[in-house]
Structure formats: structure tokens, C-alpha cells
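Some notes on the structure that comes next.
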Amino acid sequence: MKSTSVGTQQVTDTAKRPAFEWVEDAPLPNTLRLPAWGERMLVLNDVSERTLTTPVVADWLADRATRVAAGGSNVVFATPRISQTVMIAACGWSIEPTDADTIDLSVEAGMGLDALVRATAESGWFGLEALAEIPGTVGAAPMQNVGAYGTEIAERTRWVEAWDRRERRVERFARDACDFSYRHSRFKREPGRWLILRVGLSLSTTPPADWPPVAYPGVDEAVRDWSAQSGRARSTMSPSEYAALITSVRRTKLPDWRRGWPGSAGSFFHNPIVTVEVADRLSGRWPDMPRFDVPGGVKIPAGWLIEAAGLKGHREGAVAVSLRHALVIEHHGGATGAEFLRFAESVRDRVEDVTGIRLVVEPECVSVS
Ligand SMILES: Cc1cc2nc3c(=O)[nH]c(=O)nc-3n(C[C@H](O)[C@H](O)[C@H](O)COP(=O)(O)OP(=O)(O)OC[C@H]3O[C@@H](n4cnc5c(N)ncnc54)[C@H](O)[C@@H]3O)c2cc1C
């Protein structure tokens, strides 16, 4: 959807389209590139209350068989035909009046997250730059509280506006009411209830005290190289320069979700948080195991556990554990969703056999028909 800038206000061409439209037999985008079609899809070009309360729209959304489709970067289509879907195409954003240091945005759910990150970083606003190169939409971001390189969308969220599919009304949740935690939120905890319409974000015109953040592997070296090559102090790095740096670090590890093969859904499993006793037991066996103290226990990288199970690069047919990053399961073309999931399940079983830890799958596995 094309978006243009008018002064400080952003508008989109969705205004020229009908408020909603129906699409039959449309391919469902998904970064795993598994075969998937939506038999009947409601496309919302407008997410105003007037559109949502139109009886045919409200009835479609109230039907539990209707699933929300978006960028498809965190789903596995286990079955190729999905009978009822809704997709938000509305992708406008606007700036709300505030004080000099703060930029408050209201962004419609259909906007690409990466496009938003780049547009705000190029405007010189701090806050989202560490989320560069994450695929998907703004509407999906609060679902699992997307995060990368020490930043989670929760930190910048002021509110989330969602359609209550059950009660047929719009609700606005302040950040604290969203129950954000690691890759989780109230919206994910209540599957099928909420259609996220808009997200309110708060960015800053000044850098945070510890700018630029370098705590993650690869980032410190990249910042050092940038400083040496540009001859500039690291503290002068702009948000868009930091976003570009994160992009290059990510591209060394993850498949390109924009084009080509292999397909992937990014990290396939959550990093488990275990008790200190469990972590100590594992460290006794693998003294080099990376471990991070976090609230509630010890976080262990799931990719490391997969490597410990001897599965890095393991391939069966068209599906493989990535050689570059063991947390990514790749689709090399030709597999069905069911075959893909069988492979993922075998990885999970093997990791449990070797380490005693049962990994939790991150993407939603869609098998409605
Ligand atoms: C290469 C790659 C790298 C990735 N890196 C990261 C990363 O660093 N950090 C991270 O957190 N994630 C990462 N992801 C996962 C993914 O990009 C995010 O989860 C993203 O937010 C999904 O957005 P989407 O629009 O593609 O949602 P989908 O995959 O289409 O949907 C995901 C879930 O959200 C629901 N949903 C989508 N939109 C809405 C809405 N408006 N209202 C209600 N429900 C909705 C869907 O029904 C589904 O259950 C990565 C994925 C890939 C492929």
C-alpha cells in the first residue's frame, strides 16, 4: 500500500479504496513460503468503528472460524486452504501533539513494522531502531511483544487499540493493561478475541543515556568498525545508522525474508527460562553453555540447545536446521506444512532427549480448514 508524507502528517492511499472488500482464493503471504490460500478474505482498508460495526464485517469477525492474516512471518500453515480470514490493509500513521523531546505516533495495524522503523529512524527519532529488519506488520507486533537486540515493542508502546470480536466493540489498552512479557501479551493469551487496529508509540528526539546499545554479540564489533571507518565517535551515531548496522548484523544470521530461498519463520523456538537448579545441571554437563540470569530464572539460548543435540545443519528433504543459526528452521522448497511440522517436532523431541528441556514453538501453527 503506497504511503506519502504531507508535512508531519502521514497519509495512505487506502482513502481511495472502499472501507472493506472481499477477496476470493487469495494466496496467503508467509515467509516460510509454504503453500497457503485464503478461500474468502475480508480486507479492511479502514479500521474505523463505523466500518467494524457494519453488520457483515462484525459478523465475520465474531465468527471464531475467521483467522487474522497479516505478514505471515510468524505462522506455519499446516494445512494449505484456510476458509475464512481477515486482513488489515489500513496502514496510515499520524503524529500526535506532545512536548519537544517526545514524538507520539498512532499507527494503523497494516503498516509494515520494518517500514515504520526505517521511517522513524530516518526522521532522527530514537526508540525503534533495534527492531530494524524484523518482518511483519505493526498490528502483529504487540501480539508477541516483538523484540530484538535488547528492545521490545512494549517499551515504546503507549496503548493498543483492538476490536473485541466477542463483545463487538473497540477497546483501548494502556501499556500496563497489555500484560507484555517475553514474546507474550494479553492478546496472545486470548487467541481469537482481539483484532489489533492501531498502536500508539512514544519515541524520543534525543538518544538514551547508554547510546548506542552494544550488549549483544556482533553489535559491539560492528559499532567499533563503524566508528573506525567513519572517524566519528560512537555516541554521534544516528538512529538510522544504528538501524542499518543492526540490519547488516541480522543478515549474517537470518535468511532474507523479502525474497528467495530458504523460507523461514525466524526463530522457531522460544529461549527457555529454567530454574537455577536445571541450569546448574546443564552447566555441569556443558561448562561452556551460555546462560543469562533473568527475572524468574535462567535464560538459555534455544539455538545452543539445538546445537548441543547435534542438529545444527541437520536436513531431511526440503527442511533443515539452519547452518548459520540453529534456532532457524529452513524450508528449501517443496515441503508441505505437515512435513515441515513433522521435522520441527523431531528437532524438539531430540533436544528433549539430550538436554531434558522441552522447547516451546514460537510461530502459530495454523491448521483450520
Ligand atoms: C527472518 C525472520 C526474523 C524474525 N525476527 C524476529 C525478531 O527478531 N523478533 C521477534 O520478536 N520476531 C521475529 N520474527 C517473527 C515475526 O516477524 C514477528 O512475530 C512479527 O510480529 C509477525 O508479524 P506478521 O504481520 O507477519 O504476523 P503473522 O505471522 O501474519 O501473524 C502472527 C500472529 O499474530 C496474529 N495477528 C497478526 N496481525 C494481527 C492483528 N492485527 N490483530 C490480531 N492478531 C494479529 C496472527 O493471527 C497470528 O496469530 C522474525 C520472523 C522472520 C521470518
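These numbers come from a predicted model, not from an experiment.
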Does the pair [X]/[Y] count as a salt bridge with the N-to-O cut at 4.0 Å?
| X | Y | result |
| --- | --- | --- |
| Arg258 | Asp114 | yes |
| Arg168 | Asp59 | yes |
| Glu352 | Arg350 | no |

Handout entry: Parallel, tilted or perpendicular: rings of Tyr242 and Trp211 (30°, 60°)
Key =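 Judged by the thresholds at 30° and 60°, the geometry between Trp211 and Tyr242 is tilted.
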Would you name the heavy atoms of [X] and [Y] that are closest together and state the gap between them?
| X | Y | result |
| --- | --- | --- |
| Glu241 | Trp226 | OE1-CZ2, 3.5 Å |
| Asp164 | Arg193 | OD2-NH2, 2.7 Å |
| Pro363 | Ala265 | CG-CB, 4.0 Å |
| Thr247 | Ala132 | OG1-CB, 3.8 Å |
| Lys299 | Tyr182 | NZ-CE1, 3.9 Å |
| Pro262 | Pro255 | O-CB, 3.7 Å |

Problem - Audit row: Ser202, Asp104, side-chain hydrogen bond (donor to acceptor under 3.5 Å, both in side chains) steps and yes/no - result: CA-CA 4 Å; Ser202 190; Asp104 283 351; 2.9 Å; yes
Practice task
Verify side chain to side chain contact (heavy atoms under 4.5 Å, CB included) between Asp25 and Arg81, making sure each step is shown before the conclusion.
Solution key: CA-CA 9 Å; Asp25 231 9; Arg81 300 198 72 82; 2.5 Å; yes
Practice task
Find out whether the Lys NZ or Arg CZ of Arg40 is both under 6.0 angstrom from the six-membered ring centre of Trp22 and within 45° of the ring's axis.
Solution key: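 Yes, Arg40 lies over the aromatic ring of Trp22.
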Practice task
Could you tell me if the ring centre of Phe343 sits under 6.0 Å from that of Phe268?
Solution key: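 Ring centres of Phe268 and Phe343 not closer than 6.0 Å.
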Handout entry: Check: Phe173 ring centre within less than 6.0 Å of Trp194 ring centre
Key =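 Yes, they do, as the ring centres are separated by less than 6.0 Å.
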Heavy atoms, side chains only, cut-off 4.5 Å: are [X] and [Y] in contact?
| X | Y | value |
| --- | --- | --- |
| Trp163 | Val47 | no |
| Pro80 | Trp37 | yes |
| Cys91 | Val107 | no |
| Thr85 | Val68 | no |

Practice task
Could you tell me the separation between the CG atom of Asp46 and the CD atom of Glu108, rounded to the nearest 0.5 Å?
Solution key: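 Here the interatomic distance stands at 7.5 Å.
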Problem - Leu327 side, atom CG; Phe269 side, atom CZ - distance, nearest 0.5 Å - result: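 One gets 8.0 Å once the value is rounded to the nearest 0.5 Å.
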Handout entry: Criterion side-chain hydrogen bond (donor to acceptor under 3.5 Å, both in side chains) on Ser267 and Glu362, from CA distance to verdict
Key = CA-CA 7 Å; Ser267 303; Glu362 183 177 303; 5.0 Å; no
